[in-house]
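What follows is a short report on a single structure.
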Amino acid sequence: MVDMAMQKKLTLLAALALIGSVYAVLVRYTKSTAKLNYISSTVVAMQELLKMFMTSMVLCHESGGLGPAMQLLHHHIIRSPLDTAKLAVPSFLYALQNNMFFLSLSNMDAPTQQVLLELKIPFTALLCVFLLGRKLSVQQWLSIFLMFAGTGLIEYYSAADTKSAVNSDQPVPIASNENFMVGLFAVVVGSLCSAIAGVYFEKIIKTNDTSLWIRNFQLYVWSVPISFIASFINDWRKIKENGFFSGYNHLIWCLIFLSAFSGLIISIVLLYSNNITKCFATSLSIILSTIASFYLFNYHIGWYFICGTSLVCCSIFFYTVPLKCQSTKEPPAEHLASP
Ligand code: C5P
């Protein structure tokens, strides 16, 4: 029988995988089929703002109204500047990750970038061991590398398909100013930022009993201004010419809502489960979105998808089910949904 706590964790992970896949399908649709021309950095800024708004709503609900929520925020934000400052670290890292993503994309092809982005899986596992003192068995390390290989395989070929779909009616541009080493550096730094930010946030929410929603608010207090400033610095010319909301329609608002909602679910997953299981949910969302794209956009599913999915399924099995040959004297390593 699956107990209540385990059920809660599995439901959260399933929700994260599902939202992630719907988000990925929508991004594919806006880029390849609808060909919407929006300013990505403004979308990121709106996502952060919406997360802050949603977090405020939860805080109002939890504390019993707007007044008590304001008092709580005054106590934890204004009167605890050092505590709030701690959350600047993951905020800056997530912002850096975003910038590194765009820098790497302009210096290497999308399929290679997608594979290298999955480096965040082994990086996350390494940081969980070194920073959170988590124990992983050899079998679990192996399953983490299987997950990396499986997800990387699917991502590589899916990105290649997306690229050909987007460019099918255009001449292939010759990128004369691409520098692969810059792209490689950016993608490795970006993956590392994502892993450090996630593990750092998990450590903060698990080491004292301040509410998760206060921690989220402290995070967004930084990420909202950072993302708006980054948007104005990077895309000032486009924003001035076409407006901040240029290219927005109901699909873009759906993207913003889904991404904000998934950010909040990620924070709950980090509280009740951990960063490694979050990676498993993300891998599952990649599989689900590829299957959905097959039906919706006639995407090609080939040997790579079968191999990649098999590797991810094996990795989940090996991570969750300890094989009998392991020594029973060793302390138990963590399992899929353990905190
Ligand atoms: O790429 P990665 O899986 O590290 O992305 C995690 C995402 O979750 C980031 O976009 C980050 O903004 C979001 N997040 C959040 N709230 C948290 C922790 C992460 O919105 N408390």
Side-chain angles (χ1 to χ4, degrees), residues 12-13 15-17 19-21 23-24 27 40-41 43-56 58-59 84 86-102 104-105 113-114 116-125 127-128 147-148 151 155 186-206 210-228 230 255-286:
L12 277 171
L13 291 171
L16 185 56
I19 294 169
S21 56
Y23 178 79
V27 168
S40 310
S41 65
V43 169
V44 174
M46 292 311 293
Q47 284 162 3
E48 295 306 312
L49 194 61
L50 184 59
K51 280 190 265 187
M52 192 184 222
F53 175 73
M54 288 159 113
T55 302
S56 317
V58 178
L59 280 171
T84 308
K86 281 190 209 161
L87 273 296
V89 177
S91 254
F92 274 104
L93 289 171
Y94 280 131
L96 192 58
Q97 176 203 12
N98 264 329
N99 282 295
M100 290 293 135
F101 175 84
F102 291 114
S104 58
L105 196 55
Q113 188 222 27
Q114 286 299 318
L116 293 173
L117 275 176
E118 296 309 324
L119 279 172
K120 78 172 82 160
I121 298 173
F123 284 161
T124 300
L127 289 167
C128 282
M147 171 167 49
F148 169 58
T151 316
E155 284 286 67
V187 80
V188 171
V189 171
S191 307
L192 205 53
C193 285
S194 150
I196 300 173
V199 172
Y200 183 100
F201 188 79
E202 186 183 336
K203 193 173 174 81
I204 285 198
I205 53 176
K206 285 181 177 165
T210 304
S211 140
L212 169 70
W213 300 100
I214 292 286
R215 290 306 191 195
N216 274 344
F217 200 93
Q218 289 175 324
L219 184 74
Y220 306 140
V221 154
W222 296 100
S223 67
V224 169
I226 290 173
S227 57
F228 273 91
L255 270 185
I256 292 174
F257 177 78
L258 277 176
S259 166
F261 193 51
S262 122
L264 298 184
I265 302 261
I266 286 178
S267 70
I268 307 176
V269 165
L270 296 187
L271 179 67
Y272 292 109
S273 191
N274 60 56
N275 268 286
I276 298 179
T277 54
K278 186 211 83 177
C279 290
F280 277 103
T282 314
S283 296
L284 280 180
S285 78
I286 290 167

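All ligand and atom numbering here is 1-based and tracks the order in the structure. Remember, predicted model here, so these are calculated numbers, not experimental data.
For the pair Ser267 (side chain) and Leu264 (backbone), a donor-acceptor distance under 3.5 Å is present.
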Under 3.5 Å, N/O to N/O: give me all the pairs between ligand 1 and the protein, one per line with atom names and distance.
from, atom 1, to, atom 2, distance (Å)
ligand 1, 1 (O), Gln97, NE2, 3.1
ligand 1, 1 (O), Lys120, NZ, 2.8
ligand 1, 3 (O), Lys278, NZ, 2.7
ligand 1, 4 (O), Ser194, OG, 2.6
ligand 1, 12 (O), Lys51, NZ, 3.0
ligand 1, 16 (N), Tyr220, OH, 2.7
ligand 1, 20 (O), Lys51, NZ, 2.8
ligand 1, 20 (O), Tyr220, OH, 3.1
ligand 1, 21 (N), Asn216, OD1, 2.8

Could you walk me through whether Ser91 and Ile226 pass the side chain to side chain contact (heavy atoms under 4.5 Å, CB included) check? CA-CA 8 Å; Ser91 254; Ile226 290 173; 4.2 Å; yes
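Scanning both residues, Phe217 and Thr55, for their nearest heavy atoms gives N-CG2, 3.8 Å. The shortest heavy-atom contact between Ile121 and Phe148 is CD1-CA, 4.1 Å.
With rounding to the nearest 0.5 angstrom, the OG atom of Ser227 is 9.0 Å from the CD atom of Gln47.
The side-chain contact (heavy atoms from CB on, under 4.5 Å) test with Phe201 singles out one residue from Leu212, Ile196, Asn275, and that residue is Leu212.
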